[in-house]
Amino acid sequence: MSKIQTFVKKPRNIYFSIILMLTLVTGLFSISFSYYIDESSTNGLLTVKGVDNRLQSDDLTDGIVALAPHETKTITVNIMSNNSYDSKYALYYKSDNDVKVLSTLEMDEIIKSKEVQQYELIVSNFEENPASVFIGIVNGQVDAEVSVPGSLIEVEE
């Protein structure tokens, strides 16, 4: 007990003891928080918000292509992956008119890291009125199903 009393009586030893205790407490806190995962928000998986695949085309204006009555256009689209991992995507279209969008090639559902895929789409308007067609992309994880808010683009037969 006398050794502890003589150690504590020196101011330099008290200073180093406090610094050592603060370092240990800070280290333990940082280790415990680095292992903390909020499983309710991610379910242990990569969230869809992190998947970044983009659709780009010179023929689209804000994702929309305009068609005259009974007009058919062939447009070229590029799907670009800005991810460092493989991901999944689906192309879809929306329109209030009687239109159909077909692809000349079978589309891959999975895109590799930093890959660019190019497709030609045939967009047809079957009505007597002009039509506008929105073409979009939905991203997802490789193991998950992708929910599409419009009609899927099919392959031309």
Side-chain angles (χ1 to χ4, degrees), residues 18-157:
I18 291 172
I19 296 297
L20 179 66
M21 292 298 283
L22 286 174
T23 304
L24 286 173
V25 169
T26 305
L28 290 174
F29 267 68
S30 66
I31 289 171
S32 66
F33 282 113
S34 68
Y35 288 110
Y36 176 76
I37 296 175
D38 185 10
E39 292 183 17
S40 65
S41 66
T42 63
N43 292 328
L45 298 173
L46 177 70
T47 60
V48 175
K49 292 178 184 175
V51 179
D52 185 18
N53 297 323
R54 298 192 184 184
L55 175 67
Q56 183 181 22
S57 175
D58 293 335
D59 302 316
L60 297 175
T61 305
D62 294 328
I64 297 174
V65 61
L67 299 168
H70 297 288
E71 180 182 17
T72 298
K73 285 186 181 178
T74 301
I75 62 171
T76 303
V77 295
N78 296 312
I79 294 112
M80 299 173 293
S81 170
N82 295 324
N83 306 305
S84 58
Y85 46 86
D86 294 355
S87 58
K88 194 173 189 180
Y89 71 91
L91 289 182
Y92 69 94
Y93 67 96
K94 283 184 177 181
S95 180
D96 293 334
N97 304 78
D98 183 20
V99 296
K100 192 75 169 170
V101 181
L102 300 171
S103 173
T104 58
L105 299 171
E106 183 76 33
M107 284 194 227
D108 296 334
E109 289 184 341
I110 296 176
I111 188 166
K112 296 186 186 301
S113 167
K114 307 296 181 193
E115 182 182 16
V116 177
Q117 296 176 354
Q118 187 175 55
Y119 298 101
E120 284 190 354
L121 302 179
I122 300 169
V123 185
S124 301
N125 180 9
F126 298 108
E127 288 191 356
E128 299 292 330
N129 300 321
S132 62
V133 181
F134 175 79
I135 299 175
I137 187 169
V138 177
N139 300 313
Q141 303 161 3
V142 173
D143 298 339
E145 178 129 357
V146 177
S147 175
V148 180
S151 302
L152 278 173
I153 296 176
E154 299 171 8
V155 179
E156 180 184 44
E157 296 178 10

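The model shown is predicted, which means the values in this text are computed figures rather than measured ones. Because only heavy atoms are used, hydrogens play no part in the values below, and waters and symmetry mates are left out as well, while side chains stay in.
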**Q** Any side-chain heavy-atom pair from Pro149 and Val138 closer than 4.5 angstrom?
**A** yes

**Q** With sequence neighbours left out, write down each residue that passes side-chain hydrogen bond (donor to acceptor under 3.5 Å, both in side chains) with Thr72, or none if nothing qualifies.
**A** Ser124

**Q** Check the pair Ile137, Val77 against side chain to side chain contact (heavy atoms under 4.5 Å, CB included), reporting the backbone distance first and the verdict last.
**A** CA-CA 11 Å; Ile137 187 169; Val77 295; over 6 Å; no

**Q** If the condition is side-chain hydrogen bond (donor to acceptor under 3.5 Å, both in side chains), which residues does Glu71 pass it with, not counting sequence neighbours?
**A** none

**Q** Just how far is it from atom OG1 of Thr23 to atom CG of Leu28, taken to the nearest 0.5 Å?
**A** 11.0 Å

**Q** Go through the structure and list residues passing side-chain contact (heavy atoms from CB on, under 4.5 Å) with Glu127, not counting sequence neighbours.
**A** Asn97, Asp98, Asn125, Asn129

**Q** Is there a donor-acceptor pair closer than 3.5 Å between any side-chain N or O of Asn139 and the backbone N or O of Asn53?
**A** yes

**Q** So does Ser81 get a backbone contact from the side chain of Lys112, meaning a donor-acceptor N/O pair under 3.5 Å?
**A** no

**Q** Identify the two heavy atoms, one from Ile110 and one from Gln117, that lie closest to each other, and give their separation to 0.1 Å.
**A** O-NE2, 3.4 Å

**Q** Under the criterion side chain to side chain contact (heavy atoms under 4.5 Å, CB included), I'd like the reasoning laid out for Thr104 against Thr74: C-alpha separation, chi angles, the key distance, then a yes or no.
**A** CA-CA 9 Å; Thr104 58; Thr74 301; 5.6 Å; no

**Q** Taking all atoms of both residues into account, what is the closest heavy-atom pair of Tyr92 and Val148, and its distance?
**A** CB-CG1, 3.1 Å

**Q** Ignoring hydrogens, what is the shortest heavy-atom contact between Pro130 and Pro69? Give both atom names and the distance.
**A** N-CG, 3.9 Å

**Q** Is any side-chain heavy atom of Asp108 less than 4.5 Å from a side-chain heavy atom of Tyr119?
**A** yes

**Q** What are the two closest heavy atoms between Ser87 and Gly140, and how far apart are they?
**A** CB-O, 3.7 Å

**Q** Go through Asn83 and Ser113 one step at a time and tell me if the side chain to side chain contact (heavy atoms under 4.5 Å, CB included) criterion holds.
**A** CA-CA 5 Å; Asn83 306 305; Ser113 167; 5.7 Å; no

**Q** If you look at every heavy atom in Ile111 and Glu115, which pair is closest and at what distance?
**A** CD1-O, 3.4 Å

**Q** Lys94: which residues meet the salt bridge (Lys or Arg N to Asp or Glu O under 4.0 Å) condition with it, sequence neighbours left out?
**A** none

**Q** One pair to check against side chain to side chain contact (heavy atoms under 4.5 Å, CB included): Tyr93 and Ile153. What are the steps and the verdict?
**A** CA-CA 7 Å; Tyr93 67 96; Ile153 296 176; 3.8 Å; yes

**Q** Are any non-hydrogen side-chain atoms of Val65 and Asp59 less than 4.5 angstrom apart?
**A** no

**Q** Would a 4.5 Å heavy-atom cut-off, applied to side chains only, mark Gln118 and Thr76 as touching?
**A** yes

**Q** I'd like to know if the side chain of Lys88 reaches the main chain of Ala144, judged simply by a donor and an acceptor atom lying under 3.5 Å from each other, with no hydrogens or angles considered.
**A** yes

**Q** Suppose we screen for salt bridge (Lys or Arg N to Asp or Glu O under 4.0 Å). Which residues come up paired with Glu154, at least two apart in sequence or across chains?
**A** Lys100

**Q** Can any side-chain N or O of Ser95 pair as donor or acceptor with the backbone N or O of Ser132 at less than 3.5 Å?
**A** yes

**Q** Which one of Leu105, Val101, Leu121, Leu102 satisfies the side-chain contact (heavy atoms from CB on, under 4.5 Å) criterion with Glu156?
**A** Leu102

**Q** Got a sec: does the NZ of Lys114 have more than 12 other heavy atoms crowding it under 6.0 Å?
**A** yes

**Q** Mind checking the CD-CD1 spacing from Gln56 to Ile79? Nearest 0.5 Å is all I need.
**A** 11.0 Å

**Q** Mind checking side-chain hydrogen bond (donor to acceptor under 3.5 Å, both in side chains) for Glu106 and listing every partner two or more places apart, or none if nothing turns up?
**A** none

